[in-house]
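In what follows, a single structure is set out as structure tokens and then discussed.
Order of appearance sets the numbers: ligands from 1, and atoms from 1 within every ligand.
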Amino acid sequence: MISEALNRRITRVGSGEPAGEVLRRYWHPAALIDELEGERPVVAVKLLGEALVLFRDEQNELALIGRHCPHRGADLCYGRLENNGLRCPFHGWHFNRDGQCVEQPGEPEGSRTHEKIKTASYPVVEKNGIVFAYMGPGEPPEFPNFDCFRAPESHSFAFKGLWQCNWLQAMEIGIDPAHASFLHRFLQDEDPSDGYGKQFRDKSENTELPMTQLLREYPRPEIRVEETDYGMKLTALRHLDNGMTHVRVTNQIFPGAICIPMSREMTITQWHVPIDDHSC
Ligand code: FES
Ligand SMILES: [Fe+2]
């Protein structure tokens with residue numbers, strides 16, 4: 001059991017927190033492209049404890065800026081999407097894609113006060129249906145070259161879910177090979193040839209053994225962990241009664257991504273994105 005102080009140190013993700021500063025050196029998924037569909041491509045985003053707003057402007061460019069107007073804190077998600085930026089619904093200050101205030105309609109003609117007003121803004125890129133943001137200092141690192149980003153659209157899809165826990169709890173489960181024998185247990189086996197895209201419905205490589213049966217009958221994997229340049233490689237070995245060993249490899253890519261096999265042909269790359277800055 002780790003101490004409360006260490007738990008806090010590795011799970012608090014706000015700006016200025018030690019883990020928050022490390023995580024800010026990496027790209028994180030901010031939203032699905034699908035969320036920007038429709039007449040008004042403006043969505044609220046919470047990432048690393050920061051309230052942000054993501055929008056697509058008239059030039060088809062994406063922007064991610066602070067959600068609360070630096071004037072009186074009005075919510076820019078309700079702003080007017082115009083002139084390649086967002087105009088605050090309260091007093092009409094206009095912010096461009098860089099978060100720079102470019103207009104303050106209530107100020108005297110010719111006023112240049114707006115030049116000193118800037119809200120947060122972060123670089124974003126679109127990859128295979130996901131908008132990623134970089135919230136750290138300086139130039140963003142190179143974008144990770146995972147299989148799922150190289151795969152054509154016909155062979156990949158993006159989805160997201162909300163887990164009410166901290167990012168480390170989510171990742172611990174992602175790399176835990178033992179729970180699959182219970183949480184993902186099926187009491188009956190289906191025809192594996194009908195299992196494409198279904199979790200654990202395929203058969204194990206080079207055997208006729210459905211994964212569902214294998215997980216059910218061998219709940220005690222031998223787990224080996226290797227540190228690698230990119231994070232960790234976890235190998236779960238299930239020693240079968242016929243002398244064969246079933247091998248399942250999960251890669252953990254620092255800081256928060258995992259790549260897990262779902263069948264002989266399919267993997268899931270799962271990114272544990274910290275939303276709120278809390279430790280439990
Ligand atoms: S609160 Fe946004 S312009 Fe006043
Ligand atoms: Fe699971």
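- Residue R224 places its CZ atom among 12 or fewer non-hydrogen atoms of other residues, nucleotides or ligands, all under 6.0 Å distant.
- With Q100 contributing its side chain and I117 its backbone, the two residues share a donor-acceptor pair below 3.5 Å.
- Shown in contact with C88 at under 4.0 Å from a heavy atom are these atoms of ligand 1, numbered in order with element: 1 (S), 2 (Fe), 3 (S).
- Closest protein heavy atom to atom 1 (S) of ligand 1: R72 N, 3.2 Å.
- Atom 2 (Fe) of ligand 1 does not have H71 among its coordinating residues (no N/O/S atom, backbone or side chain, under 2.8 Å).
- Salt bridge status for E4 with R9: absent, with no side-chain N to carboxylate O gap under 4.0 Å.
- Taking the N/O/S atoms of H179 in turn, the shortest distance to the Fe ion (ligand 2) belongs to NE2.
- Among the heteroatoms counted here (N, O or S) of H184, NE2 is the one nearest to the Fe ion (ligand 2).
- Inclusion of C69 in the first shell of atom 2 (Fe) of ligand 1 is supported: an N, O or S atom falls under 2.8 Å.
- Between E50 and R67 there is no salt bridge, since none of the side-chain N atoms of the basic residue sits less than 4.0 Å from a carboxylate O of the acidic one.
- Counting only distance, with no hydrogens or angles, the side chain of R238 and the backbone of V247 share no donor-acceptor pair below 3.5 Å.
- For E190 and K203, the salt-bridge test fails: no basic side-chain N is under 4.0 Å from an acidic carboxylate O.
- In summary, H91 places an N/O/S atom under 2.8 Å from atom 4 (Fe) of ligand 1, meeting the contact criterion.
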